[in-house]
Novice: 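Mind having a look at this structure? Questions to follow.
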Amino acid sequence: MNKLTGHHQNCTLTGGPLTLLGEEETMFCENIVRFADEQIRPLVNMMDEEQRMHPDVIKRLFELGLMGIAIPEEYGGSGGTFFDSVLAVEMISAVDPAVGVLVDVQNTLVTNALEKWATEAQKRRYLPRLASDTVGAYALSEAASGSDAFALQTCAEQRGNGYVLNGRKLWISNAMEAGIFIVFASVDLSAGYKGITAFVVERDTAGFKVGHKEHKLGIRASSTCELILDECTVSAERVLGQVGNGYKIAIETLNEGRIGIGAQMLGLAEGAWAHAVKYAKERRQFGKAVADFQAMQFQLAEMATEIEAAKLMVYNAARLKDAGREFVKEAAMCKYFASHVAERVASLAVEVLGGSGYVRDYPVEKLYRDSKIGKIYEGTSFMQLATIAKLMI
Ligand SMILES: Cc1cc2nc3c(=O)[nH]c(=O)nc-3n(C[C@H](O)[C@H](O)[C@H](O)COP(=O)(O)OP(=O)(O)OC[C@H]3O[C@@H](n4cnc5c(N)ncnc54)[C@H](O)[C@@H]3O)c2cc1C
């Protein structure tokens, strides 16, 4: 049962216009927009200033079924599609991209990886919790392995019936709030990427600790932390997928996750554009609204055109994934393009607001800061271009 629409099935149009939503999808979006407007918007500035996610926001996300959107109903989820997750990330990010990434990591990386790779026992243990009250995190990056993710040095030594993990993870989104972590470690560093294995680590596991929290430019309410694994002991049942198959899990989930970041950046751009239009219509100079000047109209029209292009790319990639078609190139392209559009639109929005765009009393200053991350995480823009080139040239 979809908690936001009260219906059982989400209908995804096939063969129709990409941006034309089905009745279920429309209702789903309307409910999220209302929720974001009424319950997230009033907290955005405070959360950004204090660099923390308000617990009420997380609680409501769970209550609305937005933390387990595509988790099947038999595991307590909302039984939606990947495209639904993308819509949710877009709608929420138009109000706060920091909340957007919380929802994104939960749905497009953590639950997504578990649905695909977990054993039945693991699904029964983790999916109901992730759908109802537990935030998840996805821990691949380390200090010396970012773009070159498979150079990771965290190791997992087999001892008795389980594994002992040692190492440090860096930049882990949601870490402060998370109870379940997907951690990538190598069972054999000499085997290169073939040693990489994914483990499901629960927060209270002995030897596991969340370390330093980063002080960031943007998406400041989203926690980004170091993880410390010091003789962190897990049983063999915590291995996700096969031993040595972690590189495949990482590649495949990140290919999908990228569409979510495209959606986050799309939502951000839409939010910035809406603020810019509203302000331009209200602000008067030379005896008229600044929106009446053609130069302003052309800028807003250009921004809207770029947003439309980004939207088509994000929606297409998500719908291709749901249709079981090849989507890797489209996912890389949509993330690359949407993050470019978000940065440009947010930057122009700052200019449209003039001095007001440069201060924290208005929302576009924050959206401009938030936009920068789109070109960095889940593969930098150069890494997206490398993927596109590899697939096409
Ligand atoms: C806020 C935030 C949240 C994050 N959340 C997570 C998370 O939840 N989980 C997680 O595992 N990671 C997370 N990350 C890590 C993120 O994915 C990495 O920062 C990213 O992949 C880039 O790695 P790096 O920072 O080491 O940069 P580097 O890889 O060191 O890149 C530095 C520069 O070199 C360029 N470069 C590198 N290799 C090449 C190449 N072959 N060709 C051309 N240019 C190249 C890059 O494009 C970049 O411009 C997060 C990061 C941030 C900042």
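Atom set for the values below is all heavy atoms of this structure, side chains included, hydrogens, waters and symmetry mates excluded. Residue indices begin at 1 and follow the sequence shown. Counting starts at 1 for both ligands and their atoms, following the listed order.
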Novice: Return a yes/no value for W171: is any of its N or O atoms, backbone included, closer than 3.5 angstrom to an N or O of ligand 1?
Specialist: yes
Novice: What do you reckon, does T380 have a nitrogen or oxygen under 3.5 Å from a nitrogen or oxygen of ligand 1?
Specialist: yes
Novice: Are any of the N or O atoms of Y377 closer than 3.5 Å to those of ligand 1?
Specialist: no
Novice: In the protein, what heavy atom is nearest to atom 36 (N) of ligand 1, and what distance, to one decimal place, separates them?
Specialist: S147 OG, 4.3 Å
Novice: Where is the nearest protein heavy atom to atom 20 (C) of ligand 1: which residue, which atom, and how far?
Specialist: I376 O, 3.5 Å
Novice: Looking at atom 52 (C) of ligand 1, what's its closest protein heavy atom, distance included?
Specialist: I373 CD1, 3.8 Å
Novice: What about L140: any of its N or O atoms under 3.5 Å from an N or O on ligand 1?
Specialist: yes
Novice: Checking the N or O distance criterion of under 3.5 Å, is ligand 1 in contact with S141?
Specialist: yes
Novice: So, R258 and E330, do they make that salt bridge, N to O below 4.0 Å?
Specialist: no
Novice: So which of F181, Y138, F184 gets nearest to atom 9 (N) of ligand 1, if we judge by its closest heavy atom?
Specialist: Y138
Novice: Assess R319 against F83: is NZ or CZ under 6.0 Å from the centre of the six-membered ring, and within 45 degrees of the ring's axis?
Specialist: yes
Novice: Considering only NZ, NE, NH1 and NH2 on the basic side and carboxylate oxygens on the acidic side, decide whether E30 and R34 come within less than 4.0 Å.
Specialist: no
